Amino acid sequence: MVRIILTIVVIVLSGYSLITQTLELMPYYMFFLGALILVTELAEIQKDRKGFWGYINIAISLFVFFASIQAFLMN
C-alpha cells in the first residue's frame, strides 16, 4: 500500500514538472523517489531475497535522501 502511494506521488510530481517545465518540485520528487526505493528494497529483504542489488539500492536511496535534504536547505 505504501509503495502504491509513493509511486503515485512520484508520478504526479514528475508529470507536473515535465508539463510545466519547472524544477521547483525537484527536492520533493527526489525525497519521495528515495522513499520509494527504500520501501521497495526493504520489502525485498523481508522476502528473503537478500541479494547484492538490494543492499546497493538501499545505499542509493540513502544518497538520494541526503541529496534531497541538501536541496531543501539550499532553498
Side-chain angles (χ1 to χ4, degrees):
M1 184 68 179
V2 175
R3 278 192 282 176
I4 295 171
I5 293 170
L6 287 172
T7 303
I8 291 170
V9 169
V10 168
I11 290 172
V12 168
L13 287 176
S14 62
Y16 178 79
S17 295
L18 183 65
I19 291 170
T20 61
Q21 296 182 353
T22 61
L23 299 176
E24 296 172 356
L25 298 177
M26 186 62 70
Y28 302 106
Y29 171 76
M30 288 181 3
F31 179 78
F32 287 116
L33 184 62
L36 177 63
I37 294 170
L38 183 65
V39 167
T40 301
E41 292 309 316
L42 288 177
E44 291 294 321
I45 288 175
Q46 284 181 348
K47 292 179 184 176
D48 289 332
R49 296 182 189 165
K50 299 176 183 172
F52 173 72
W53 291 109
Y55 295 112
I56 292 296
N57 282 336
I58 289 175
I60 290 170
S61 69
L62 292 176
F63 175 74
V64 171
F65 276 135
F66 178 73
S68 66
I69 290 171
Q70 290 295 322
F72 283 132
L73 296 177
M74 297 281 292
N75 289 334

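These figures come from a predicted structure and were not determined experimentally.
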Connected via hydrophobic side-chain network under 4.5 Å: [X] and [Y]:
X     : Y     : value
Phe63 : Ile69 : no
Leu62 : Phe31 : yes
Leu13 : Phe72 : yes
Ile11 : Ile5  : no
Val10 : Met26 : yes

What heavy-atom pair brings [X] and [Y] nearest, and what distance separates the two atoms?
X     : Y     : answer
Ser14 : Tyr29 : CB-CE1, 3.3 Å
Pro27 : Ser68 : O-CB, 3.6 Å
Gly34 : Ser61 : O-CB, 3.4 Å

Roughly how far apart are [X] [atom1] and [Y] [atom2], rounded to 0.5 Å?
X     : Y     : atom1 : atom2 : value
Leu33 : Thr7  : CG    : OG1   : 9.5 Å
Glu41 : Leu36 : CD    : CG    : 9.5 Å
Phe66 : Met30 : CZ    : CE    : 10.5 Å
Phe32 : Ile8  : CZ    : CD1   : 12.5 Å
Ile60 : Ile37 : CD1   : CD1   : 7.0 Å

> Going by heavy atoms in the side chains, are Val39 and Leu6 under 4.5 Å from each other?
Replying inline: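 Yes. Closest side-chain heavy atoms under 4.5 Å.
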> Looking at side-chain heavy atoms only, is the closest gap between Ile58 and Ile45 below 4.5 Å?
Replying inline: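 SC-SC contact between Ile58 and Ile45 confirmed.
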> Just wondering, are more than 12 heavy atoms of other shown residues or ligands nearer than 6.0 Å to OH in Tyr28?
Replying inline: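 It does not: Tyr28 OH has 12 such atoms or fewer within range.
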